[in-house]
Structure formats: structure tokens, C-alpha cells
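Note sheet for the following structure.
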Amino acid sequence: MIRCLPILLLALLSPALHAQIDTVAQAPRSVNEATMISLGSRYVKNTYLSDVGYDGTGIGVINERMRIINDRWSRQRTFRIDLASIRNPAGTSSGYAAFIDYRYSLHRRLETSVDGLRLLVGGAGRSMIGTVYRSQGGNNPAALHVEGDLGLSAAILYSFDLGRRRYPVTVRWQADLPLVGVFFSPHYGQSYYEIFTLSHRAGTLRLGSLHNRFALRSLLTADVPVGPWTMRIGYEADVYQSHTNGIRTHYFGSSMLIGMAKEFIPFSGKRVRHNPAFRSAYY
């Protein structure tokens, strides 16, 4: 009878163990969302408008969301608006630049032997629309920028406790590199009146790849708890260059970032920043 007790106990506990495992496996997948303000320097050169580069200051808003899809994959959505006031080196001409872009990334999640360290590798799709305006542009005072592309995306996330009070901090480095896509470009000297009114559009939609276009976005952030809030601070570097149809473009941005991050279950409103019962794509 005594020998049968372990078997009996195991039989009684098995349903409870399975239920606990199923509960963890089916734990709600929270959404990590952050909204940040970017502020920094901008450099814009578009030879369709001028052979001289324009410097200035830009301000933007970035909203990003990350969520686990399953045990191996997570998704990320990023929406950015950037506005800049620019001026030529002599101060005789000024202008504005405005860009809106949206990225959707899928990352394969790779766990490491280092506690708190995660690697994310995958692909990203991006669409962008923007314009550059120059006050002394003659017949062509503005340039239109439209493109869509596919590329690579990678990130490193490291969570650790800081100080004696063990403040939880998460550091993230991420880089996005477009590889292939299409973008709009007029020919040098061609007016938008010819393109959109006279329908002279031949050659204005170009295949973009590393042979005629290079773009790289690099992001370094840290999530730091401040009272009941989580602040996300960081730095962003944005590089874009292209040459086609006799036109060269250069857009460089260097910005400091500050904003707020939150973790939540959609529609429930529960805060799960430190709740192990929920599965986070970020922390």
C-alpha cells in the first residue's frame, strides 16, 4: 500500500500540473508601447532643388508597439513624423523638410545563455512620404519623396537591475537596413507640371537597392523607472542617400529621444510591467 502512494499522488497532481503549464503557455500577450519626442540636427541636400546642402533643427514624434506572436516570433510597428527647419550656409535661403514613415517588422527571438539578454533578427517593410521646400526654388521650389521597401531588422535587448535598490532597466540597440524597393524621382530639370499634368512619367519610378540608395536607421534606448512611470530615453541616427536620374539626395538626422513607455493588455487596461504571468515582447 505504501509503495502505491507515490503513484497515487502523481496521478492526483498531474491534472493540476498540466493546468498550470497550460496557464503559462496561454498567458495573455501584453503590448509594449512607447511614444517619444525626438529633437536634434538635420542635414538636407537635394540637387533637384540646389547643389548646396541645408542644415537645420528637426523635431519629431515616434510611436512604436511590440508584441509577441508566438514562442519564436514578435512583431513591431513604428510610426514616425519628422519636421525640420533648414537654411543654407550663407543664410540667404531657408526651407522646410517633412517626412512621415511607417515600418512593420517581424523578429525571430533568440534566447541566450546570458540572463536578461535577447537577440531579435528579422525583416522589415517600410513606406515613406515626404517633401523638401526651398524658399528660393524658382520654378521648382519643392521636391517630393515617396518610397516603399523591404529590408533587414535586428535588435539587442538587455534587462538588468541597477543599484542597491535594484531598479529594473532595459537597454535596446536596434538597426534597420532597407535592401530593395521602389521610389519616385523626377529627372534632373524636369518639372512636376510635366510629370503630373502632361503625364511625362517615364523613368520616374525607380528600383531602389544598395547600388543607388543607402538608408540606415540606428536606435539606442534605455527604459528607466521614475516613480510609477517608465521613461524611455535614447539616441537616434538616420542616414539616407540616393542617386538616380541625375539627382543626388542626402538626408542625415541625429536626435536625442525622450518619452514614456507602458505595458498593457489590449482592452483590459491592466499594467503588467513586472507581472511574470504575462508574456512581454520587450522586457
Side-chain angles (χ1 to χ4, degrees), residues 38 42-56 58-63 77-88 92-106 123-153 175-217 237-253:
S38 68
R42 304 290 186 270
Y43 175 80
V44 178
K45 181 179 180 179
N46 188 315
T47 58
Y48 178 80
L49 301 176
S50 172
D51 291 331
V52 178
Y54 282 53
D55 293 289
I59 185 171
V61 178
I62 303 172
N63 179 267
R77 298 173 179 174
T78 307
F79 179 75
R80 299 172 69 236
I81 300 177
D82 193 82
L83 305 173
S85 176
I86 52 178
R87 182 174 294 272
N88 67 357
T92 58
S93 178
S94 61
Y96 301 93
F99 296 95
I100 300 174
D101 74 64
Y102 175 81
R103 300 171 190 258
Y104 183 91
S105 306
L106 290 176
R126 182 189 67 150
S127 60
M128 180 169 66
I129 183 170
T131 183
V132 178
Y133 169 79
R134 188 169 70 101
S135 60
Q136 297 179 356
N139 294 329
N140 300 322
L144 179 65
H145 189 103
V146 180
E147 72 173 66
D149 52 54
L150 298 173
L152 301 177
S153 179
D176 297 321
L177 175 66
L179 293 179
V180 62
V182 292
F183 66 102
F184 169 82
S185 174
H187 296 273
Y188 184 79
Q190 184 183 25
S191 69
Y192 286 96
Y193 173 81
E194 297 177 65
I195 298 173
F196 296 110
T197 303
L198 303 181
S199 300
H200 296 169
R201 303 190 182 99
T204 59
L205 191 62
R206 309 296 297 180
L207 174 66
S209 190
L210 296 179
H211 71 286
N212 63 355
R213 185 199 60 179
F214 175 80
L216 177 65
R217 176 179 179 251
D238 219 0
V239 178
Y240 181 95
Q241 300 181 66
S242 68
H243 55 92
T244 188
N245 291 345
I247 299 172
R248 289 184 174 272
T249 59
H250 302 266
Y251 303 140
F252 302 144

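Using a 4.5 Å cut-off on side-chain heavy atoms (C-beta onward), Phe79 and Val61 make no contact. Phe184 has its side chain within reach of Pro186: a pair of non-hydrogen atoms, C-beta onward, lies under 4.5 Å apart. Ser185 has its side chain out of reach of Tyr48: every pair of non-hydrogen atoms, C-beta onward, lies at least 4.5 Å apart. For the pair Phe183 and Thr249, the minimum side-chain heavy-atom distance is 4.5 Å or more. For the pair Asp101/Asp82, no side-chain contact is recorded, criterion being any heavy-atom separation below 4.5 Å from C-beta on. Side-chain contact check for Leu179 versus Leu210: some heavy-atom pair is nearer than 4.5 Å. Considering only heavy atoms from C-beta on, Thr78 comes within 4.5 Å of Arg217 through its side chain.
Nearest heavy atoms, Gly189 versus Glu194: O-OE2, 4.3 Å. Nearest heavy atom pair, residue Asn46 against residue Ala143, reads ND2-CB, 3.7 Å. When every heavy atom of Arg134 is checked against every heavy atom of Ser93, the shortest pair comes out as CG-OG, 3.5 Å. Across every non-hydrogen atom of Arg213 and Gly208, the tightest pair is NH2-O, 3.8 Å. Considering all non-hydrogen atoms of both residues, Tyr54 and Val52 come closest at CD1-O, 3.4 Å. In this structure, Gly53 and Lys45 approach most closely via the heavy-atom pair CA-CB, 3.9 Å.
Checking side-chain atoms of Ser38 against main-chain N and O of Gly60 turns up a donor-acceptor pair under 3.5 Å. The backbone N or O of Leu144 lies less than 3.5 Å from a partner atom in the side chain of Tyr192, making a donor-acceptor pair. Of the possible polar contacts, none joining the Asp238 side chain to the Gly253 backbone as a donor-acceptor pair under 3.5 Å is found.
Atom-to-atom distance recorded for Thr131:OG1 and Ile100:CD1 is 11.0 Å, nearest 0.5 angstrom. The CD1 atom of Ile86 sits 11.0 Å away from the OH atom of Tyr133 when rounded to the nearest 0.5 Å. Here the CZ atom belonging to Arg42 is positioned 11.5 Å from the OG atom belonging to Ser85, to the nearest 0.5 angstrom. Within the model, atoms CG of Leu152 and CG of Leu216 stand 11.0 Å from one another, a figure rounded to the nearest 0.5 Å. Once rounded to the nearest 0.5 Å, the distance linking OH of Tyr43 with CG of Asp55 reads 7.0 Å. In this structure, Arg103 CZ and Ser127 OG are separated by 10.0 Å, a value rounded to the nearest 0.5 Å.
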* To do: Show the numbers, then the answer: is there a side chain to side chain donor-acceptor pair (under 3.5 Å) between Asp176 and Ser153?
  => CA-CA 4 Å; Asp176 297 321; Ser153 179; 2.6 Å; yes
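A side chain to side chain donor-acceptor pair (under 3.5 Å) check over residues 200-212, counting only residues at least two apart or in different chains, returns the pairs Arg206-Thr244.
Here Tyr251 pairs with Phe99, His145, Tyr240 under the ring pair (Phe, Tyr, Trp, His ring centres under 6.0 Å) rule; sequence neighbours left out. For Asn245, there are no side chain to side chain donor-acceptor pair (under 3.5 Å) partners two or more places apart in sequence or in a different chain.
Within 6.0 Å of atom OH in Tyr193, 12 or fewer heavy atoms from other residues, nucleotides or ligands are found, so the atom counts as exposed in its surroundings. Counting non-hydrogen atoms of neighbouring residues, nucleotides and ligands closer than 6.0 angstrom, the CZ atom of Phe252 exceeds 12 such neighbours.
Results of the side chain to side chain contact (heavy atoms under 4.5 Å, CB included) test with Tyr102 over Met128, Arg77, Arg126 single out Arg77 as the only residue that passes.
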